[in-house]
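So that the names make sense, note that chain A is the first sequence line, chain B the second, and so on, each numbered from 1.
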Number of protein chains: 2
Amino acid sequence: MAEVAARAGVSTMTVSRALKRDGAVSEETRRRILAAVEELGYVLDLSAGALSSKRTGFVAVLVPSINNSNFADTARGITEVIEDQGLQVLLGATDYDIEKEEHLVQTMLTRRPDGIIVTDGRHTPRARRMLQAAGIPVVEIWDLPAEPIDHVVGFSNAEASRALVRRLYQKGYRKIGFIGGASRRDSRGADRRLGYLRAIEELGLPVGRTIAFGDPPISMEQGGQAIVHLIEQWPDVDAAVCVSDLSAFGAIMECHRRGWAVPGRIGIAGFGDFEVSRWAWPRITTVAVNCRTIGLEAGRILLGALDDVQRKRTPMPATLIVPFEVIEREST
Amino acid sequence: MAEVAARAGVSTMTVSRALKRDGAVSEETRRRILAAVEELGYVLDLSAGALSSKRTGFVAVLVPSINNSNFADTARGITEVIEDQGLQVLLGATDYDIEKEEHLVQTMLTRRPDGIIVTDGRHTPRARRMLQAAGIPVVEIWDLPAEPIDHVVGFSNAEASRALVRRLYQKGYRKIGFIGGASRRDSRGADRRLGYLRAIEELGLPVGRTIAFGDPPISMEQGGQAIVHLIEQWPDVDAAVCVSDLSAFGAIMECHRRGWAVPGRIGIAGFGDFEVSRWAWPRITTVAVNCRTIGLEAGRILLGALDDVQRKRTPMPATLIVPFEVIEREST
DNA sequence: ATCGCCAGTGATATCGATAACAATCGCCTG
DNA sequence: CAGGCGATTGTTATCGATATCACTGGCGAT
C-alpha cells in the first residue's frame with residue numbers, strides 16, 4: 001500500500017480511504033490512486049485491515065451439510081444479502097453432529113467473524129457458551145429453539161409435519177406410517193417425527209407404524225429400503241410420510257420397481273420441496289419452506305444487528321417465523 | 001493472550017507456542033497454559049496471527065455452484081484433506097460465469113489465502129493474471145486446461161462424453177441426440193457437446209440432433225422440455241445424451257408422463273452419476289467420475305505444494321488425470 | 001573440568017492496514 | 001472581516017499475534 005501511496009503522491013491513509021466504499025476522497029485523487037493500484041497490480045490485504053478495524057468482514061455460517069439443496073439454497077440466500085455489504089461467508093458443515101458443530105464454532109470464532117448463523121437450536125453447552133460469549137450477533141435458523149441465543153429465523157418442523165399428516169387424513173388416508181432416520185442426530189428430523197406422532201394421536205389413528213432407518217441424512221437408498229420394511233411389517237398401511245423428499249423419492253422409485261402403484265397401493269409424501277419432487281413422476285406431495293428466504297431474512301437480520309452495533313444501539317433479538325406450505329401433488 | 005500469559009506465569013510467546021500443533025513447550029507449562037485458556041474462555045485470534053506469520057491458513061475454493069452435488073462432493077473432499085492440516089476452506093460460487101469468477105478471485109486474494117483451487121480451465125485474462133501473480137499454489141480442477149496455470153486435477157469432459165456415445169452405439173443406438181445448455185457459459189457442458197459431436201462424426205451417424213435449452217445449470221425442468229422438442233423435431237431419434245444427470249432425469253420423467261417408454265421408445269443417458277440416477281426408475285446410464293476424489297487429490301497436491309514452499313523447494317506443477325467410467329444402467 | 005548442544009523460554013520488532021485526531025484550505029454566514 | 005464549518009488529507013498509535021534472535025540451565029562427550 002505504501003508503494004501505491006508513493007506512486008499516487010498521497011499517504012497510505014488516503015489510499016485506504018480510496019479503496020473503501022465510504023471513503024471521503026476527492027474524485028481526482030481517487031482516480032490517481034486507482035490508476036496506481038492497477039499499474040502495480042496491488043490487491044488490498046483485508047487480513048491486515050481486519051486487525052486494526054476490528055471488523056473482519058466475515059459471517060460464519062454453519063449448516064448440517066452443503067450437499068443438501070435445501071441448505072445450499074439457504075447458504076446462497078445468506079451470501080446474496082451479505083455480499084452486497086462487502087461481507088463474506090465462511091461456510092462450515094456440521095454433518096448433523098453437535099459435537100462437530102462445537103468444534104466448528106470454535107474454529108470459526110478463531111477467525112473473529114462479525115456475526116454467525118447456525119442451523120438448528122440444539123447445541124452442546126460449550127458451543128452455546130462460546131456463541132454467547134463471542135459478543136457478536138447470532139442467528140439460529142431452520143428451527144424455533146425453545147431458548148434462543150439471540151435472533152431466530154425458522155419454523156416449527158413438528159407443526160409442518162403435523163399439518164401434512166392432517167392433510168393426508170382429509171384426503172382419506174387412515175393407516176399412515178412414518179419413515180425417518182434411526183438416530184436423534186438430525187433434530188429437525190426428530191421434530192418431524194414428533195409432529196407426525198402428535199397428529200396420529202389427535203386423529204385417533206393406529207400408532208406404531210414408524211420405520212427408523214440409518215443415520216442422517218436419510219438417502220434415496222434408505223427410503224427405498226424403508227418402504228419395503230414398512231409395507232411388509234404393516235401390509236394394511238395406505239400412506240407413508242417420509243422425513244425428507246429424498247427418502248420419499250427413493251421409496252416411490254422402489255414401489256415402481258416392485259409394481260406397487262403410487263398412490264394407488266400407497267400414498268407417499270416427503271418434506272422439503274426439493275427439485276426432484278417437482279419433476280419426479282408422480283410429482284411428490286411435500287411440505288415447502290422457502291429455503292432461500294430463510295437465508296435472505298437471516299442475512300438481513302444479521303446486517304440489521306451489525307448496523308445497530310455500529311451505531312451503538314442495543315440490538316433487540318428478533319424471531320422471524322417463516323411460513324411453510326403443504327403442497328399436494330400426484331404421489332398422494 | 002497477554003491475560004492468559006499472565007495467569008499462567010509465562011510470556012505471550014510461550015502461550016502462542018502452546019496453542020500451535022508444533023509448539024515446543026514443556027508438558028507442565030502447556031498444561032498450565034491450557035488451564036488458563038479454559039478458565040478465561042480465551043479464543044485464539046487467527047486474523048492477528050495471519051498478519052505476523054504471513055500464513056492465513058485459508059484455502060480459497062471456487063466452484064460453479066454449491067447447489068450441485070458433484071461440486072459439493074468435491075468441496076467436501078478438499079475440506080476433508082486440508083482441515084487435517086489446520087487449514088480452512090473459503091468457498092465461493094461463480095454461477096458458471098467467468099466474469100463473476102474474476103471478481104471472486106479478487107475478493108479471495110484480498111484474504112491472502114495460502115492456496116487457491118478453481119474449477120475449470122477457462123478464465124478471464126485478468127483473472128488469469130491475478131492467479132499467476134498471487135504467488136500461491138493454484139489447482140485447476142474438473143477439466144484439463146490447454147495451458148494450465150499451475151497444478152491440475154481433472155479429466156476430459158469431451159473424451160468422457162465421446163466414450164458414452166460410443167457405448168450407446170455398441171448397444172445398437174443409431175439416431176442419437178444431445179440435450180444441453182444454450183450458452184457457452186458452462187465450459188464443461190460445451191466440452192461434453194463437443195465430445196458428442198466428435199463421436200457422432202467418427203461413427204458416421206446423422207448429425208444436427210442437438211437441443212440447446214436454457215442457461216446453465218440445466219435443470220430437471222429443462223431436461224423435460226428439451227426431450228419433447230427433440231422427439232418432435234426428429235421423431236426417429238432413438239437415444240438422447242443429456243449434459244447432466246439432472247436433465248436426463250427430467251427427460252425420463254417427462255417421458256413417463258407422456259407414456260413414452262424408456263428405454264423402449266427412447267434411451268436416455270446423463271452425465272455425473274448423481275444420486276438420483278442410481279435410484280431413479282429406470283436407473284440412469286451415465287458417466288461417473290469420483291467427485292470426492294477430485295477434491296481429495298486437489299487438496300493433497302495443494303498441501304504438497306505448500307510444503308514445498310515452506311521447505312523452500314521449487315514446486316513442480318503436477319497434472320493428475322482422474323478416471324471416468326461409463327456406467328450402463330436401465331435407461332438405455 | 002570444559003565445551004557444545006539442545007530444550008525451553010523471553011524480549012523485541014514487525015506484519016499491513018485503519019482509527020482517531022490534527023491540520024489545511026476554501027468558502028459561507030452574520 | 002472574523003469565526004466557523006465542511007471537505008480533504010496527513011500523522012501517529014495501535015490492532016493481536018508471531019518471527020527471530022538471545023538467553024538460561026542441564027547434560028553428555030571429550
*Record whether the side chain of R112(B) comes under 3.5 Å of the base of dG16(C) through a donor-acceptor pair of N or O atoms.*
no
_Without decimals, in angstroms, what is the distance between K20(A) NZ and dT8(D) P?_
19 Å
*Just how far, in rounded Å, is P of dT14(D) from CG of L51(B)?*
17 Å
*Pick the nucleotide of DNA chain C nearest each of V25(B) and K54(B); which residue has the one closer to the 5' end?*
V25(B)
*asked:* Output the rounded distance in Å from CZ (R32(A)) to P (dT9(D)).
replied: 8 Å
*Backbone of P145(A) reached by a side-chain donor or acceptor of D143(A) within 3.5 Å*: no
*asked:* What is the separation between atom CG on L109(A) and atom P on dG16(D), rounded to the nearest whole Å?
replied: 16 Å
Name the atoms and distances for all side-chain donor-acceptor pairs under 3.5 Å in residues 82-96 of chain A, with sequence neighbours left out.
residue	atom	partner	partner atom	Å
Q88(A)	OE1	R111(B)	NE	2.9
T94(A)	OG1	Y96(A)	N	3.3
D95(A)	OD2	K100(A)	NZ	3.3

*asked:* I want to verify a distance call: between dA17(D), dG16(C), dA20(C), whose nearest atom is closest to the R17(A) side chain?
replied: dA20(C)
*Whole angstrom is fine here: how far is it from CD in Q310(A) over to C1' in dA19(C)?*
13 Å
*Would you kindly give the CE-to-P distance between M13(A) and dT9(D), to the nearest whole Å?*
12 Å
*Which part of the nucleic acid does L46(A) contact within heavy-atom distance under 4.0 Å: base, sugar-phosphate only, or nothing?*
nothing
*Report, as yes or no, whether the 6.0 Å neighbourhood of atom CD on E3(A) holds more than 12 heavy atoms from other residues, nucleotides or ligands.*
no
_We want to know whether T107(A) and T110(A) form a side-chain donor-acceptor pair, criterion being a heavy-atom distance below 3.5 angstrom._
no
_If you compare every side-chain N and O of S11(B) against the phosphate oxygens of dG10(C) (OP1, OP2), does one of them come in below 4.0 Å?_
yes
_Check this one for me: any side-chain N or O of T14(B) less than 4.0 Å away from OP1 or OP2 of dG10(C)?_
yes
*Calculate the interatomic distance between E27(A) atom CD and dT9(D) atom C1'; express it in whole Å.*
15 Å
*asked:* Measure CG/L44(B) against C1'/dA17(D) and give the value in whole Å, please.
replied: 8 Å
*Does the side chain of S65(A) pick up a donor-acceptor pair with the side chain of N67(A) at under 3.5 Å?*
no
_Whether T29(A) contacts dT9(D) is assessed here as follows: a side-chain N or O lying under 4.0 Å from the phosphate OP1 or OP2. Is that the case?_
yes
*Using a cut-off of strictly less than 4.0 Å, decide whether S26(A) has a side-chain nitrogen or oxygen near OP1 or OP2 of dT8(D).*
no
_When you measure from the side-chain N and O atoms of Y42(B) to the phosphate of dG16(D), is any distance below 4.0 Å, counting only OP1 and OP2?_
no
*Using a heavy-atom cut-off of under 4.0 Å over every strand shown, decide if V15(B) touches base, sugar-phosphate, or nothing.*
nothing
